[in-house]
2 protein chains.
Amino acid sequence: MTTEAETHGNTRRAELLSIAAGLFAEKGFKNTTVRDIADASGILSGSLYHHFDSKESIVDEILSTFQEELFASYDAVLASDDDARTKIERAVHLSFEAIDKHRHEVAIFQNEADYLGGFGRFAYLAERNAQSREVWITLLDDGVRSGVLRSDLDIELTYRFIRDTVWVAVRWYRPGRKLTHERIADQYLTILLDGISHG
Amino acid sequence: MTTEAETHGNTRRAELLSIAAGLFAEKGFKNTTVRDIADASGILSGSLYHHFDSKESIVDEILSTFQEELFASYDAVLASDDDARTKIERAVHLSFEAIDKHRHEVAIFQNEADYLGGFGRFAYLAERNAQSREVWITLLDDGVRSGVLRSDLDIELTYRFIRDTVWVAVRWYRPGRKLTHERIADQYLTILLDGISHG
DNA sequence: GTCTATATAACGATAGAC
DNA sequence: GTCTATCGTTATATAGAC
């Protein structure tokens, strides 16, 4: 059961996290001060510490919450009985959908994971990275084995290209423009699967 | 004419710039303190200001020098009389070669251009970005017009995918390992031109 | 060209009143 | 839950001796 007070506290907390996420994504973790976050929230910097232990705790909560949701949806794709090609298409679409729905979180992970990973409390970021690699290697191996993908592929290199291209789109994608995330995913899959060459 | 004193001063200056570039690339511009740079150089932080005006001047010199060299080599490709496909292949190889020869500079540009671009003195970064876009759009347009590339391509989107995938490799590429930059470029061109799909 | 010493500002975080 | 007030630390940068 959830009391009204808890609900209200949670929405306020979520609001602060969302404001902080926008700033972290736009200016970077180190470039965003707790005063920046407080200003954007309409309160003073000291008041933030009623809600969070530290600046690190804020970005920690942003990233861990997002990662949990993201990998749950990857698991759903892996567990399905779709064929190899459909699974790859679903995984790609799922990633661009994450960029659309959670672009701040994706941007923070892309930009700050290396730096934050140096701190013990963010060790789960490296684990999630390894988990993501396993998902894609599985999908690509299945693709080659079932004859959907070319057998001369360097699987490891292909995985890196897919991972990089899919996530780096967060740098330029903005929701609400002409180019929807579904169309970007489709165009990307066309290039990835069939190439840009004629014939 | 260059005197010996100037030569010596320039090598020392180049040495400091190289040390700073490594730190900026590894830890980020904001996360690297002038004390970090001084420590790594075996001098004290105050002594750095004998060589450079400010921390910003250091990263400025790193980036502008690199950009000048990079775009000179792009121009050479554009000016050549190779066919469209060869030019695209040369441009891709050239980028992976830049990652190999100047990975710190590439990494700094990839990670910090957005943030630094906010300062007036780094306005040239946005100009170089536009220049890079023109190079690739020209190459892709020529490719479609000459029948080398598929005519149903979204040129703008294709350009972004190529740009992102080519440069983001700086995140994982390390020189001196089994995978050479030439082989990475070849594998990447195979995927880009022909796709990963079988048939 | 580097050192000693320090100015000056910004930062993350805390304590207690309201 | 926010404010006032401030502590302790760290950051960029400067001035002058050597």
Side-chain angles (χ1 to χ4, degrees), chain A residues 2-24 26-63 108 112 115-116 118-122, chain B residues 2-24 26-63 108 112 115-116 118-122:
Chain A
T2 308
T3 67
E4 273 187 48
E6 272 170 0
T7 300
H8 202 78
N10 285 342
T11 61
R12 177 59 171 157
R13 187 183 187 80
E15 199 181 349
L16 294 173
L17 284 170
S18 173
I19 290 168
L23 291 169
F24 288 152
E26 189 196 345
K27 318 197 323 168
F29 176 70
K30 196 81 180 190
N31 282 315
T32 303
T33 70
V34 295
R35 283 179 174 84
D36 288 336
I37 301 170
D39 284 353
S41 308
I43 59 178
L44 292 185
S45 65
S47 305
L48 266 181
Y49 290 83
H50 172 74
H51 300 277
F52 306 100
D53 281 349
S54 66
K55 187 180 163 186
E56 273 187 18
S57 292
I58 298 177
V59 76
D60 194 343
E61 190 163 335
I62 291 168
L63 288 177
I108 295 168
E112 319 285 352
Y115 167 67
L116 293 175
F119 302 97
R121 72 184 296 173
F122 293 102
Chain B
T2 307
T3 68
E4 272 186 49
E6 272 169 359
T7 300
H8 202 78
N10 286 341
T11 60
R12 177 59 172 158
R13 185 183 189 81
E15 198 181 350
L16 294 171
L17 285 170
S18 174
I19 290 168
L23 290 169
F24 288 153
E26 189 197 344
K27 318 198 322 169
F29 176 69
K30 196 81 181 190
N31 282 316
T32 303
T33 71
V34 294
R35 282 182 175 85
D36 289 336
I37 302 170
D39 283 353
S41 307
I43 58 177
L44 292 185
S45 65
S47 306
L48 264 181
Y49 290 84
H50 172 75
H51 301 276
F52 307 101
D53 281 348
S54 65
K55 186 181 161 185
E56 273 187 19
S57 292
I58 298 177
V59 77
D60 194 343
E61 192 163 333
I62 291 168
L63 288 176
I108 295 169
E112 319 285 351
Y115 168 68
L116 294 175
F119 303 97
R121 72 184 298 174
F122 293 101

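A, B, ... follow the sequence lines: proteins, then strands. Residue 1 opens every chain.
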- Task: Quick one: closest heavy-atom pair of B/Ile19 and B/Ser41, and the distance?
- Result: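 Residues B/Ile19 and B/Ser41, closest heavy atoms: CD1-OG, 3.6 Å.
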
- Task: Write down the atom of A/His51, the atom of A/Arg13, and the distance for their closest heavy-atom approach.
- Result: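 So the minimum-distance heavy-atom pair works out to O-NH1, 3.0 Å.
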
- Query: What parts of residues 42-50 of chain B reach DNA chain D, counting only heavy atoms under 4.0 Å away?
  - Reply: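 Those residues are B/Gly46, B/Tyr49.
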
- Residues within residues 28-39 of chain B bordering DNA chain D, heavy-atom distance below 4.0 Å: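 Nucleic-acid contacts, sorted: B/Thr32, B/Thr33, B/Val34, B/Arg35.
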
Calculate the interatomic distance between [X] atom [atom1] and [N] atom [atom2]; express it in whole Å.
{"X": "A/Phe52", "N": "C/dG12", "atom1": "CZ", "atom2": "C1'", "result": "15 Å"}
{"X": "B/Lys27", "N": "D/dT10", "atom1": "NZ", "atom2": "P", "result": "13 Å"}
{"X": "B/Glu56", "N": "D/dA13", "atom1": "CD", "atom2": "C1'", "result": "13 Å"}
{"X": "B/His51", "N": "D/dT14", "atom1": "NE2", "atom2": "P", "result": "15 Å"}
{"X": "B/Lys55", "N": "C/dA10", "atom1": "NZ", "atom2": "C1'", "result": "13 Å"}

- Task: Find out whether B/Phe29 and B/Lys55 are in side-chain contact, i.e. whether some heavy atom of one side chain is under 4.5 Å from a heavy atom of the other.
- Result: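 B/Phe29 vs B/Lys55: side chains touch.
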
- Could you check if a side-chain atom of A/Ile37 sits within less than 4.5 angstrom of a side-chain atom of A/Leu16, using non-hydrogen atoms only?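 No, too far: nothing below the 4.5 Å cut-off.
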
[X]: partners by salt bridge (charged side-chain N to carboxylate O under 4.0 Å, His left out), with sequence neighbours left out:
{"X": "A/Glu112", "value": "none"}
{"X": "A/Glu26", "value": "none"}
{"X": "B/Arg121", "value": "B/Glu56, B/Asp60"}
{"X": "A/Asp36", "value": "A/Lys27"}

